[in-house]
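Written below as C-alpha cells is the structure these notes are about.
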Amino acid sequence: MKRYNPSEIEPKWQAKWEDGRYEAKDFSEKAKYVMLTEFPYPSGDGLHLGHTREYTLGDVIARYRRAKGENVLYPMGFDAFGLPTENYAIKNGITPQEATARNVETFTKQMKSLGYSIDWGRSFSTTDPDYYKWTQWLFLQFYKAGLAYQDEIAINWCPACKTGLANEEVIGGLHERCEKPVEKKTLKQWMMRITDYADRLIDGLRTVDYPSRIADQQVNWIGRSEGAEIEFKVDDRPLFRSEENPVREDKEFTKRDFVQVHVYDPKTKKYLMVKWKKQPWVSCVGGGVDGRDVVEAAREEVKEETGYVDLEFKRVVGEYRSEFYAANKDVNRDLSATAVLFELKSGKREEMSEEEKAIQEPMWMTRAEIESSEAEMPAYKETMWVFGEMDKGAREERKIKVFTTRADTIFGATFMVLAPEHPMVAELATDEQRKVVEKYVKTAGAKSEIERQENKEKTGVFTGAYVINPASGERMEIWVADYVLMGYGEGAIMAVPGHDERDFEFAMKFGLPVKQVVMSSGVDPKNPPKEGLEMVERSTVFAHLRDKKTGKFALLEWHETLEGVVTAVMGGVEEGETAEEAALKEFEEEVGITGMKLVKKCLWKTSAEYCASHKGVNRKSVGEWLLFEVDGVGERAQVDEKEERQHTLIWVDEGKVLETLTPDDQKLGWKLLMEDGVFAGVGEMVNSGKFNGKRSDVAAVEIVEWLEEKGVARRRTTYKLRDWIFSRQRYWGEPIPIIHCDRCGVVPVPDKDLPVVLPEVEDYEPTDDGHSPLASVKEWVEVKCPKCGDDAERETDTMPNWAGSSWYWLRYFDARNDEEFAAREKLDYWGEVDLYLGGMEHTTLHLLYSRFWHQFLHDQGLVPTAEPYAARRGQGIVLATDGTKMSKSKGNVVNPSTVIDDGYGADALRTAIVFLAPYDQTTPWSPEGVAGTYRFINRVWNLVQEYLEAEVVSEGAKDAEVRAVQNRVVKKVSEDLEGMHFNTAVAALMEGVNELFKLKLEGFSEVWQGVLEDLVRCMAPFAPHVAAELFEQLGGGSVEEAGWPTWDEKYLVASEAEVVVQVNGKLRGKVVVAAEDAKDEEKVKAMALEQENVQKFTEGKKVVKVIYVAKRHLVNVVVK
RNA sequence: GCGCGAGUGGUGGAAUUGGUAGACACGCAUGCCUUAGGAGCAUGUGCCUCACGGCGUGAAGGUUCAAGUCCUUUCUCGCGCACCA
C-alpha cells in the first residue's frame, strides 16, 4: 500500500498548476467573483503565519467558488514602498530596488509552496514604475480637483524615522511602525482633503457588508458629532466702585440689570436729563430692566420719567458694571448697566403720572453743562465714561465661539476654557495675569504628544478676563488649559463642571463653581406613577453609612411590598428640617444606630417617580445623597416593631455595594456620592430658567433654537477626522509628480512625462532638516518648467506607503495596461471586490484611505461603483503558543515553510490553520494541531488506498448509512463554507471520516466510489494537493473540473428517531421510535411516559402537561 | 472615560428558531499491534459520588414546560479610540 507522502505529491501538483488553470478570464460568461486579500509587504523575514492564515482562507474560498462554477479572480501583488525595505537594503548593502526584487521572489516561492490558486499573471509590485506611474497620475487627479493641496502646519514628526506622519499613523503618541515618540514640527506639507468625504465615508458604510466592529471603528474615527456653535461675549465692561456709597463688607450683594438712557436732540444739540425735586440732583434717565427688552425698557423709562415718546433708537453705546451700597434696600448692589442712545424726533410728550411728576422733571443740557455738574450728579464717573464711548462710535464687540454637543447644560456653564494655542489668549490676558498666561502657553506648546497624554493631571491658568453666559447672563472666568485642543471644534469650550467629568476635575482643582442643571429622573419600574393621580413632590434623603471598624456599609433589605429591594437608609425630609437631620432621625428610628458623623454630601440631587399607593398619590421624590461614618456600631437600640418587619439591616463590603443595591437610582446615587461621578446622562432640567422641568435632550434642541433667535448660536457638525498628511521625507516612495517654478508656481508633471522615476542614488539616508534625501540629488531636482520652460525644481517629498495600496485592486483588473490605470470595460466587468479579507488593524488606515480614493474616483467617473468592497472580513491574529503576540525579539515566530519542510506538508498546515478557531478570532497557534490534521489526512489517504486494493462488492448491508454520511458531509461542508465556518467544516469532514472508518469494517461496496469522490472533493479547498492526487487515483480525473458535489435530503432521513424524554426539563430517558411514528404526537407521548426511568420520576406525582417538540424529537413531561 | 467583542472541560473550540451542553481536535489514561513511526488501532476522559443520583456554560436575579442562548443588573478579560467638548 502506498504511503502518504506530502513532500512527494505536493511539488508534483504545484508544478502542474503552473499551466495557467487559475487565470481569471476577463468578460467570461460565468458569474465573476473577486476574492481579494490584502497584499503583503515583502519584508526580509519572509511569509509568517498571519499571512498564511489570510491567504489560506482566501484560497479556500477561491477554490470553493471556482468549483461551484464561478469565474474567480484570486490575485496577489506586493506593497513594497516604505521604511522596512530601505532599512533592509541599507543593512545588506544593496539598493531598495534590489531588495524588493529579492523579497518578492522569496514571498512568491513560499506562497506557491502553500498551493495557492493565485492568478500570478496579474501580479505586480507598487514599486514597479509601470505601476506607480498610475499612482502618480491618480495623485494629479486629486490635485486638479483641489483635493491635494499644500499647507504649512504643525504635523506629527517621527525623529527616529525622520519623516512626517498622518494622524492615523500615530498610536498613543507613538509612531505605529517604530513605536518611538512623535514630535510636532511645522513643515510645508502635501495634504489630502479627506475631510470633504467625512460624511460619505460614514454614510457609504450602510451600503456595504462590513463586520460592525470595523464599521463602528471607522465611524468612531471620523467622529462626527452634531452640536452647536455658541458665541460668548467677552465681558469688556469697566467696573465702577462708588465712593459716596461704598460697598459694605457685611452686606450681601444683589444683582440688578439697569438701563441708562440718553436722548439727543439734534436741533438744540442738547441731551435729556432729569432734575430731581426732593434731592439736589441732576441725573440721566434710567431704571431697572426687570426682564424687559433693554431698548423697550429704555423707551418706557423715558416716557415715565419725562413724557417724551417720539424717539428713534440709535444704538447701544456701552455697558458697565457698578458696585455700591443701596441704603434704601440695605444691600450691596452689583449693577449691570447698559447705556442706550436715542434721538429726539419731535417734542411730542405724553402726560406723566402725578407720582413721577412729584419726583422729577425733564431738563435739556448741553454736553458741557453735563460735564460740569459733577457736584450734583450721582454716578458722574459712569456717565462721563458713557459719553467717552459715544465719541468712539460703534464698538467692536469681542466674542468667543465654543462648540458643544450639550447645549442643554449651558445654564450650568460656569467658566470658559481656551486651548493654549487659541488666537485670543494673548489679547484676553489682563496685565496682572499676562506673565503667568504667557508662561503657561509656552510650557504647553513645548510638551510633546506623549507628555501631554501621559500626564492627565489638569493644568491651567486664569486669564483675568470674563465672558457672559448668553443663557444665564452670568459672568464666567476665562481660563487657558491644555485639556482643550485647538484642533477640534473652536479650540474653546464652555465648561460645565456639573455634567462633564473633565470640567468637573478642573473645577475641583481650581475651586471653580459647580452647578447642577440636569437631574437624573427615574421612574420606579416596579411601582410606576398611576394615571390620574396627583403628583406630589417630596424631599428625600438617602444616607450611606460606613462603619470605620469593619469597612462595611449599612444597607436595608426590604420586605413585604418591597420584597427583594435593597436600598440605602432613606426617608422624607420634613419642612424646616435639613437633610442631615432627617438622615440622623431615620438611622435612629429605622435601625437604631446613633453616633454617626456626616462626612460627605453629594453635589447632585436625583429624582424618582413612583406611586405611593397607601397615600393615594404619585410621588416625585427629589433626593439628596449623604455619607456618614460611625466608629463601630455598639448595641443597637430597639426599634419599632413595624420598622423591624419592614426591613433588615445588612452590612456589605464596599466593593459589593453597587451590585447589592437593586433600584437603578440607588446605583446611580452611590456612584455620584462615592466615586466622584458626574451625572452626564439625560434627565430633567433644573436651575435653567424657562427650560426647567423639561427633558434635557428636548431642551438641548430648544435652547439652540432660542439662542439662534438671539443671534448667538447656530447648529454645527464637527469631525475628529483631520486632513491626511501626505508628504513623507524619505527616499523609498513614489515621488510626488509636481514641479515648482518661480514664475508659474506649482505645476503638475504632464501625463506624457509620467512616471517620475525615482533616481538610483548612492545615499538615501534620511536627513533631519525636514527634507527628503531626494533634495540633494541635484541633477534630478533641476528640471525645466513644463509651462514656461524656465529653470524649475521638482517636488522632493515622496508619498506615504498608503498611496500605492489605495487603488491596487483596480490594477489587478487590467494589470498590464500602458494607456490607462485600467480599461473601463474591465473595471465594469469585475466591478466591486466581492470579498475583501484582511487584518483588523488596518481599519482606520488602509481601509479608510482606499475607500476615500475610490469614492473620489467614482466622482470623477473613473470607476463604476462608489464603494470598492462589497464585503469585508477581518481574520484574527495568530498568537504564539503562549498566547502572546509573535515577535522576532521573543523568538516565538513560527515559519510556515519550516512546518511544511518538517514533513507535515502544506495540506496539513492549511487544514490546521483553518481548523484552529473561527477565522475571525484571535487565537494561539497549536503545533500539535498540525500533527492532528496530518493524521486526519493520513486516515483519508489510507481509507482510499484500502478501498482501491479491496474487493468491492456490488451491494453492502450498510449502504444506506454510508450514503447518509456522504450526504451529511457534503451538506454540512457546503453550508459551512457559505457561512465562512471553516473550522466546523473541517470538523464535519473528520466526523464523516470517523464514521466511514467504522462502516468500512463491513467491507466496501460500489457506493463507496461516489462517497470517497465526494469526500475528496469536499476536502479540496482545504487540502488541494492530496485531494487532487486521491481524486486521480480514484479515477475521477481532475478534482477541479469535477466541480462541487451536491447532496440529496432523501438520504438524510433516518428510518428511526431517538426521542429525548425530559421530566421538568431534565433529561430522564430516551425512546427509539420508527420514523413513521415520530409524527404521531399521541403515540410518542405515550411511549415516553411508559419509559422505565421516566416512570420512576413521575411516580406518585401529578402529570400536569406533556409537551412534544416534533422538530427536536423531544418530550417534556411536566409533573407536580 | 467612550465604542466594540468575549467569558463554556486540562487546552483550542462545538451547540440550528430557546429544546439531549461539551461536536471535532489537542492533551491525558488504559489496552492492543508492529514493517520501531513524529506511527497505527481500540476504549475511556466536565465536576462530585462505590452507587442511586446530584451539580454544572464568569456572578446574582427574572421570564419559560424548557435558558449557554431571551430580559435586568453586575464582575472580569481582550481589542480599538482616547482630555474630541
Side-chain angles (χ1 to χ4, degrees), chain A residues 3 171-173 211-217 219-221 223 225 227 402-406 409 417 452-453 456 458 481-485 487-496 500-503 505-506 525 564 655-656 658-664 667 680 718-721 840-841 843-844 876-877 902-904 912 915-918 920-936 938-939 942 975 981 983-984 986-991 994 997 1058-1070 1096 1104-1107 1109 1111-1119:
Chain A
R3 287 187 55 186
I171 313 274
S212 62
R213 181 174 144 70
I214 291 174
D216 289 346
Q217 252 181 64
V219 170
N220 205 18
W221 180 260
S225 40
V402 302
F403 174 74
T404 182
T405 54
R406 291 294 307 271
T409 62
V417 188
R452 240 176 137 151
Q453 288 186 6
K456 292 212 174 163
K458 296 273 180 299
D482 65 2
Y483 83 93
V484 175
L485 309 173
Y488 185 78
E490 297 291 338
I493 61 158
M494 62 176 207
V496 185
D500 181 285
E501 217 160 302
R502 296 150 303 175
D503 297 342
E505 201 188 316
F506 194 81
K656 294 280 176 202
L658 197 56
E659 46 186 294
T660 311
L661 289 168
T662 50
D664 286 353
K667 289 179 196 284
T718 60
Y719 303 88
K720 282 197 266 183
L721 185 73
M840 302 282 193
E841 67 276 17
T843 305
T844 51
I877 300 165
D902 275 353
Y904 287 121
F915 181 58
L916 201 59
D920 55 353
Q921 193 169 306
T922 294
T923 196
W925 174 241
S926 157
E928 296 81 14
V930 188
T933 50
Y934 177 86
R935 279 201 282 271
F936 159 67
N938 201 23
R939 270 159 76 83
N942 290 339
E975 286 174 353
H981 306 297
N983 57 329
T984 50
V986 174
L989 285 165
M990 290 173 165
E991 206 175 341
N994 289 346
F997 256 73
E1058 187 186 61
V1059 174
V1060 172
V1061 188
Q1062 297 179 330
V1063 178
N1064 284 348
K1066 285 198 174 127
L1067 178 66
R1068 293 304 180 194
K1070 291 175 184 178
K1096 212 168 97 192
V1104 182
K1105 170 152 73 153
V1106 181
I1107 295 157
V1109 187
K1111 217 171 165 185
R1112 299 270 179 254
H1113 292 155
L1114 176 139
V1115 174
N1116 192 12
V1117 183
V1118 187
V1119 296

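Convention: sequence-line order gives letters A, B, ...; per-chain numbering from 1.
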### Task
Kindly write out the residues that satisfy side-chain contact (heavy atoms from CB on, under 4.5 Å) with A:A492, not counting sequence neighbours, or none if the list is empty.
A:I400, A:V402, A:L418, A:H422

### Query
Between B:rA82, B:rU20, B:rC83, which nucleotide has the shortest distance from any of its atoms to the side chain of A:D482?
B:rC83

### Task
Could I get the full list of salt bridge (charged side-chain N to carboxylate O under 4.0 Å, His left out) partners for A:R1068, not counting sequence neighbours?
none

### Query
Per the atom types in the model, does the base of B:rC83 pair as donor or acceptor with the side chain of A:K458 at under 3.5 Å?
yes

#### Entry: Nearest-angstrom distance, P atom, B:rA67 to B:rU20
11 Å

### Summary
Syn within 90° of 0, anti beyond: B:rG9 is syn

### Task
Sequence neighbours left out, what passes ring-ring contact (aromatic ring centres under 6.0 Å, His included) with A:F915? Give chain and number order.
none

### Query
Considering residues at least two apart in sequence or located in another chain, which fulfil the salt bridge (charged side-chain N to carboxylate O under 4.0 Å, His left out) criterion with A:E991?
none

### Query
Using atom C1' of each nucleotide, how far apart are B:rG13 and B:rC24 to the nearest Å?
8 Å

#### Entry: Under 4.0 angstrom between A:T923 side-chain N/O and B:rG13 OP1 or OP2
yes

### Message
Looking at B:rC2, which nucleotide sits across from it as a Watson-Crick or G-U wobble partner, both distances under 3.5 angstrom, or is there none?
### Response
B:rG80

#### Entry: Phosphate OP1/OP2 of B:rA85: any A:S225 side-chain N/O under 4.0 Å
yes

### Task
Scan nucleotides 21-35 of chain B nucleotide by nucleotide, 5' to 3', and note B when protein non-hydrogen atoms come under 4.0 Å of the base, S if they reach only the sugar-phosphate, - if neither.
--BBSSS--------

### Message
Which residues pass the side-chain contact (heavy atoms from CB on, under 4.5 Å) test with A:A912, not counting sequence neighbours?
### Response
A:W925, A:V930, A:T933

### Selected nucleotide, minimal atom distance to A:Y488 side chain, candidates B:rG19, B:rA85, B:rG13
B:rA85

### Message
Quiz question: going by heavy-atom distance under 3.5 Å, is there a donor-acceptor pair between the base of B:rG38 and the side chain of A:Y934?
### Response
no

### Query
Say you draw a straight line from CZ of A:R935 to CE of A:M990; how long is it, rounded to the nearest 0.5 Å?
9.5 Å

### Task
Mind checking A:Y904 for me? I need base, sugar-phosphate or nothing, with any heavy atom below 4.0 Å counting as a touch.
base

### Message
Suppose you measure atom C1' in B:rG22 against the same atom in B:rU11; what distance do you get, rounded to whole Å?
### Response
13 Å

### Any residue meeting side-chain contact (heavy atoms from CB on, under 4.5 Å) with A:N942, in chain and number order, not counting sequence neighbours
A:M1, A:N938

### Query
Counting any heavy atom closer than 4.0 Å, what does A:R1068 reach on the DNA or RNA strands: base, sugar-phosphate only, or nothing?
sugar-phosphate

### Query
Is any side-chain heavy atom of A:I493 less than 4.5 Å from a side-chain heavy atom of A:F403?
no

### Message
If I pick the P atom on B:rG68 and the same atom on B:rA60, what distance separates them, to the nearest angstrom?
### Response
14 Å

### Query
Would you say A:K1066 reaches B:rC55's phosphate, i.e. side-chain N/O to OP1/OP2 under 4.0 Å?
yes

### Query
Base, sugar-phosphate alone, or nothing: which one does A:V1118 contact when heavy atoms must sit under 4.0 Å apart?
sugar-phosphate

### Message
Taking the side chain as everything from C-beta on, heavy atoms only, tell me whether A:M494 gets closer than 4.5 Å to A:T404.
### Response
yes

Could you list all N or O pairs between the protein and nucleotides 46-52 of chain B that sit under 3.5 Å apart?
none

## Note on the structure
Letter by letter from the 5' end, nucleotides 68-78 of chain B scores (B base, S sugar-phosphate only, - none; protein heavy atoms under 4.0 Å) -----SSS---

### For B:rC47, the Watson-Crick or wobble partner whose two distances fall under 3.5 Å
B:rG54

### Query
By side-chain contact (heavy atoms from CB on, under 4.5 Å), which residues pair with A:N220, not counting sequence neighbours?
A:K720

### Task
Provide the distance between the two P atoms, one in B:rA23 and one in B:rG44, to the nearest whole Å.
12 Å

### Message
So, using salt bridge (charged side-chain N to carboxylate O under 4.0 Å, His left out) as the criterion, who are the partners of A:K1096 when residues are at least two apart?
### Response
none

### Task
Please list, chain by chain and in numerical order, all residues satisfying ring-ring contact (aromatic ring centres under 6.0 Å, His included) with A:Y488, sequence neighbours excluded.
none

### B:rG1 to B:rG19 separation - P atoms, rounded to the nearest Å
36 Å

### Message
Roughly how many Å apart are B:rU34 and B:rC41, using the C1' atom of each and rounding to a whole number?
### Response
11 Å

### Task
Establish whether the base of B:rC4 is bridged to the side chain of A:D216 by a donor-acceptor pair shorter than 3.5 Å.
no

### Message
Using atom P in both nucleotides, what's the gap between B:rU57 and B:rG61 to the nearest angstrom?
### Response
12 Å

### Query
With a 4.5 Å limit on heavy-atom distance, are the side chains of A:S926 and A:L916 in contact?
yes

### Query
NA contact type, A:L916, heavy-atom cut-off 4.0 Å: base, sugar-phosphate, or nothing?
sugar-phosphate

